[in-house]
Each structure stands twice: as structure tokens, then as C-alpha cells.
Amino acid sequence: MLSKLNPRQKEAVKYISGPLLVLAGAGSGKTSVITTKIAYLVNTCGISAKHIAAVTFTNKAAREMKERVTNLIKGKNARGLIVSTFHNLGLNIIRKERTILGFKPGFSIFDQQDALALIKDLMLKDLGDDGGLAEQFQNIISNLKNDLVTPEDAIAQAASPQEITVAQIYSRYQRTLKAYNAVDFDDLIMIPALLFQNHPSILEKWQSRVRYLLVDEYQDTNTSQYLLVKLLVGIRGALTVVGDDDQSIYSWRGARPENLDELSKDYPSLKVVKLEQNYRSAGRILKAANQLIANNPHAIEKKLWSELGYGDPIRVIKTRSEDAEAERIATEILTKHLHKKAEYRDFAVLYRGNHQAKLIELKLQAHQVPYKLSGGTSFFARNEIKDAMAYLRLLINPDDDNAFLRIINVPRREIGPSTLEGLGTYATERNVSLYSACSEMGLEQGLASPKVEKLRRFTHWLDKISENCERNDPIDAIKELFNDIDYEAWLHQHCSSPQIAEKRMANIWFLVDSLKQSIDKDEDGETGIKEAVTKLILRDLMERQEEEDESDKVQLMTLHAAKGLEFPHVYIMGMEEEFLPHRSSIEEGNIEEERRLAYVGITRAKQTLAFTLASKRKQFGEVHSSAPSRFLDELPDEDLEWEGRGDESKEVKQARGREALAGLKNLLDS
DNA sequence: CATCGTATAGTTTTT
DNA sequence: CTATACGATG
């Protein structure tokens, strides 16, 4: 089990007598350390798997880790092992402690969009605000939650009129969520953390459940996650955290890389192990990465090295326009592929902002190069999926007014604004949800009876579906739901072409199928429809994506999205001032995080690395000339091979080479 | 209620 | 420039 590890990694695995910080550079095998350590704890130390928890940030990381651990531990011995995201762990804590927290079964989880809609609504009602500031408010509220500031605290702390307004909206927002029997993403961490802080007996219970804790990507933890970890670990210090301060690229989201340094204050006996051997990249790439990141201040110095040879020069390609830049990358990938040098999947094109993907996408299409675009509009942002999710959420939680309002008239049930207004007044007066108001109302006068009749018909129908869910096969019941409302017909009415409508309907059935798989898997023996729907909201499915990963496609993604991945050949586009250090970061003076972003990009490359930049760029319709990124100056000059900056002879030669390749391509095409 | 037109903004986003 | 969102109009 330990034989595949290097001495430092072994040390990190075997040290279990106290808190441990593993400073793991990019590509240094940190996942191996975590997975092997879990196996070591179970197989060698005889600690029961059910007392071990490993926490990550993404579902993908959690899935991968779980798979690798179960391969190391004999199946049965892995029972009860917790490998999950922070949010999932929080969700499970809230579920188990639901009663004391005052939530009803089947509570909903609001994603950002739900939350934003709610905040907008509250601002409109309370302030008469047009909601233009809603995003900012949402951001502030999120930050408050990440810092464990309750609404009461916020009101007490508020100094300026602006802060008072935010605090009031925060307070209203939190109360409304409770009334909807719902929580948002930030609550999934904050609520358990506050619960543990205020209820020692509950904390003790969880401490005896989780006797050893491992945390991945610790540099990305925010204050509430930090406190959750600290409370859960308690004075025992049975903790291993793995992180890399140089890969902290989410500080704008509340991540505090300082949590790495502060660990030694919380645990004076903290042991630190550095992993500096890199198993991913050629030496030259690491040299460049090291030299770049050396420009950032460091509490603990770290220098990556590898035994993989020095590798090809790092190319810097300067083109005259953004169009030429994208064209250049596309043709180069194409020709390399035609020369059988590499599969398409071996290439990644990384960029700072999502909008940069458009041009390269276009060029790849023109050359018929298959590509996969990560990020962008997600599956869950699609309207049909949001409708479907609203139905599912309402099904498991009738108090979810947000979901109710989304679908009450989709498809049309002739329930318009005036009916809803009446219903809303009734519900607010009696402090009940819109859904229960539907069935309650009508016993008395209030609204004209045909309107009430429509509302009651709706609730009776959904009640029936809900009953079928409990008694019979829930999947059948859900299929019945979508057939009953004839969503397909509604789609056909609202889509420009029948093909699009069919595709959207297929998305719905894909969603239902994911639910089915989630229930069928039944790992914990208690995955019911409620849990399955919640999993969907937390985006924990994506079987289809795995299939897509198998296919041979060029990978297009932001630098942020590339963290944790690796590719033989990497292109980083837009290496220009105001772009890679991004303009707003320059203004805010946050160059260090931009440098880390560049560092993350560089360290994704295994064999070759190329930067591209354009000397002129069209921005919002107007042409601007742009300067090369300052980060290029921070790289070792002797390892860079410039193109488009003097050095004519070399370039002419290369241009000729490209022409020859284009000729070859024509030959192969015909 | 739907569609068309104009106004407006335009980093990153694991859950 | 282009995508999106909201408002006015039929």
C-alpha cells in the first residue's frame, strides 16, 4: 500500500499522532496521500471507516477519492466512511439535527438564482428598490454568512445607513427562507457551524462519530468552513489537511488561504510536511512556475522539482489580432493531431474569462476539431430544468413558495396575477405557505370560487402525485407528473422549432433518469426521493459528463475550472495586461491572486506549454492595442521561445512549416 | 400574454 | 460588438 509513495508522502500518511498540515505543490500526489492515509487508518491502525471523514470542495473530487479509497480498502471495511463535499456534510448534519433546528422534512435548498430572485423580491417589497443592487446585496449577505455573522449580529454591527439596509434585508431573507422551509448554499455550512458552537452535546455526538478528519484544498476554506472543521476536530487534533497556498484562486469567494498559516496557532503541535516532488510536468515547466510564483510572498518556501526531463521550450506566440490568436491555436492543434503527435483530448486551451471561449470555439468549428467546453451555461440554468426542479422541489416541500410561484402557471392553469395576489395576502395573514393556503382557502369567502377552484384542483393533483410517490414507485409518479401537465406540448408551443422542444423534453427525461439512478444506487440504504432531489440540487450527478470525458475532444475552460486537472499540451490565451492580470484585479491591487491563477494554468501542463497574446484586440466594438502580461517578464527568458517579437529568420522558417502542414491537411481532406 | 425593440452591461463561480 | 433583460405595444 505504501510502496508507491515517496518518503515525504509516506511520512504524511503515517503521522497520525497529531494535527498535520501537508503543503502539497501542484501535481505532487496529494490525492494519493489522502486516499492512502484513509486506507492506512483503516487497514493498519484498525480505525473503523465509519469514524473517518474526508472533505473536499467538489463532487467530482469526492467521487474520485471515494473510488480510489474503496479500491484500497476491501469493500466491506469501507462501510460508513464519509467522503463528501463540505456542503454535503453540512446538509447531512442539518438533516440529522433537523428537529432542533426547526426544519420540516424535505426542506429545499436554494441555489444562487433562487436566492437572488428572493432577495430581489424582498428589496422590491421592503424598499421599493428596482432590484438593481440585488446582486451586490446577495454578495454581501453571502460574505456575512461565510463569516458567520447572523442577522442579529449584522443589525447590531451596522454602522452606515447602507449597512443597516443590508442587515435588514438579510434578516428578512433569513426569516423568509425559514418560512419556506429552505436553506441556501451558505447555510449548509453556517447552520451546522453555529449549531456546534451553541450546542456542546450535539457537537460531542458528532465528534464521536468523526474521529479522524481529512480536508482537501484547505486553502479554499472560508471562515465558516474553518470553524466547522475546528469544532469537529476539537482538542483531539485528529486532523490532516492538505493544501497549497499558491493555488488559492477563490479569495473573491470568501476563501481564506491564511487558514493554512493560522493552523499552527490553533494547534501548536502542528506537524508540517512539504510535498515538492512533482509527477506531472517537465522540468522546464516547473522552473517557469517556480520562478513566477517566487514573486509572491510566502510564509513557507516551496520549490517543485521533477524527474521527468527538461522538456520543450515554452512558446510565447504573439499575433496581430485576437482573431489570428484563436486561428493560430486551432490550426496548430489540428496539424499536431494530423501528424499523429497527439489525440485531441491531450490539448487544453485555458483562458481568463468565459467570453474568450467564443472565438476559439468558432475557429475549432471551422476546422472541424471536436472540443468540449466546460462551464458556461450549466444544465441547471436551462429553463426547462428549472421548471422541472421547481415541480420536484414543491413535491418534496410544499412550503417552497419560490418553486410554487415558478410553476403555478407553467403550463397555463389560468391562474394569473390577481388570483395570486389574493392567495398571497391570505397566506401572509395566516402565516402559511401558498400551497397550504390553496387548500385552506375557499372554505371561507375570499376569492371568487372559480379562481379558488383552479387553485384547489392544482393542490389536489399534486397531493395525489405525492401520495403515489410514497406508496408506489416514485419515478413512475414523477413521470406521471410530467405527462399529466403535458409539458411536452407546452414546450412545443414555446420553442422556435420542434427539434429544440424535443431536445428540451429529452433533458427532462434525462433529469428523471438521473433521479432514478440516484435512487437505485441506494448506497446508504436510505436514498429516498427526497434525498435524491436534494442531491440533484447540489449538482451531485453528472453521469453523462463522464461519458463525454471519454471522447476525444480538445478541452476548453477557464483557468479557474482547470484547477486539479492536467493535460499533455496546454495553451494559455490572452496573456495580456488587463486580461491576465485582469483589469479589475489591477485596480484592486490584487495581483498576487492573478499570479496564482497563471501559476495554476502553467502547472496544468505535462509536456508542452504555450502562451498566446494579441497585440490588438477588439473590445466592445473598438480596437485597443494591448501590452504583454507582466507575468511573461517574470518567467525565465532563456526557456521562452518568442514568436512575433523580432527574431525574423526563425519565424519565417516556422511560417513555412505551417504552410507545409496546411498543404498536408488539404491532401488528407481530399 | 407574447413579441418586438431598445437599453445596458460586459471576471473568475467548486456548492 | 453582442447577449440579455426589461419595458412598451399589439
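As the structure is a computational prediction, the values presented were derived from the model and not from experiment. Side-chain atoms are counted along with the backbone in the values below, which use heavy atoms only and exclude waters and symmetry mates. By convention in this document, chain letters (A, B, ...) are assigned in the order of the sequence lines, proteins followed by strands, and residues within each chain are numbered from 1.
Taking atom C1' in both C:dC6 and B:dT11, one finds a spacing of 24 Å when rounded to whole Å. Comparing the C1' positions of C:dA5 and B:dT12 gives an interatomic distance of 23 Å, to the nearest angstrom. One P atom belongs to B:dT13, the other to C:dT2, and the distance between them is 22 Å to the nearest Å.
The main-chain N or O of A:Lys553 is found under 3.5 Å from a side-chain atom of A:Gln555 such that the two form a donor-acceptor pair. For A:Asp216 (side chain) and A:Val55 (main-chain N/O), no donor-acceptor pair under 3.5 Å exists by modelled atom type.
For residues 187-197 of chain A, every residue pair satisfying the salt bridge (charged side-chain N to carboxylate O under 4.0 Å, His left out) rule, not counting sequence neighbours, is listed here: A:Lys145-A:Asp187.
In this structure, A:Tyr250 reaches the bases: a heavy-atom distance under 4.0 Å links it to at least one base atom across the strands shown. Within the 4.0 angstrom heavy-atom criterion, base atoms lie near A:Asp220.
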Pairs under 3.5 Å (N/O, protein and nucleotides 8-11 of chain B):
{"unit_1": "B:dT11", "atom_1": "O4'", "unit_2": "A:His582", "atom_2": "NE2", "d": "3.4"}

Please write out each protein N/O paired with an N/O of nucleotides 1-5 of chain B under 3.5 Å, distance rounded to 0.1 Å.
{"unit_1": "B:dC1", "atom_1": "OP1", "unit_2": "A:Asn409", "atom_2": "ND2", "d": "3.0"}

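Between A:His87 and A:Phe57, the ring center distance fails the sub-6.0 Å criterion.
By the 4.0 Å N-to-carboxylate-O rule, A:Arg595 lies close enough to A:Glu634 to be salt-bridged with it.
Here the C1' atom of nucleotide C:dC1 and the CD atom of A:Gln619 are 11 Å apart, to the nearest Å. Distance, A:His87 NE2 to B:dT15 C1': 4 Å, rounded to whole Å. Separating the NE2 atom of A:His560 from the P atom of B:dT15 is a distance of 15 Å, rounded to the nearest angstrom. When rounded to the nearest whole Å, the span between NZ of A:Lys120 and P of C:dA5 equals 8 Å. Atom CD in A:Glu135 sits about 13 Å away from atom P in B:dT12, given to the nearest Å. Going from atom CD of A:Glu593 over to atom C1' of B:dT13 covers 12 Å, rounded to whole Å. In this entry the distance linking CG of A:Asn143 with P of B:dT15 reads 19 Å, nearest Å. Distance A:Tyr351 OH to B:dT13 C1': 14 Å, rounded to the nearest Å.
With A:Phe103 as the aromatic partner, A:Lys178 meets the cation-pi criteria of under 6.0 angstrom to the ring centre and within 45 degrees of the ring axis.
Applying the salt bridge (charged side-chain N to carboxylate O under 4.0 Å, His left out) test to A:Glu361 and every residue at least two apart in sequence or in another chain returns nothing. Under the side chain to side chain contact (heavy atoms under 4.5 Å, CB included) criterion, A:Glu258 pairs with A:Arg256, A:Glu262, sequence neighbours left out. Every residue meeting the side chain to side chain contact (heavy atoms under 4.5 Å, CB included) condition with A:Gln356, not counting sequence neighbours, appears here in chain and number order: A:Tyr351, A:Arg352, A:Phe579.
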Show your reasoning for whether side chain to side chain donor-acceptor pair (under 3.5 Å) applies to A:Gln138 and A:Gln136.
-> CA-CA 5 Å; A:Gln138 184 183 26; A:Gln136 283 179 47; over 6 Å; no
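Donor-acceptor pairing under 3.5 Å, judged by distance alone, is absent between the side chain of A:Gln112 and the base of B:dT13.
Each of B:dT12, C:dA3, B:dT15 was ranked by its minimum atom distance to the side chain of A:Lys358; first place goes to C:dA3.
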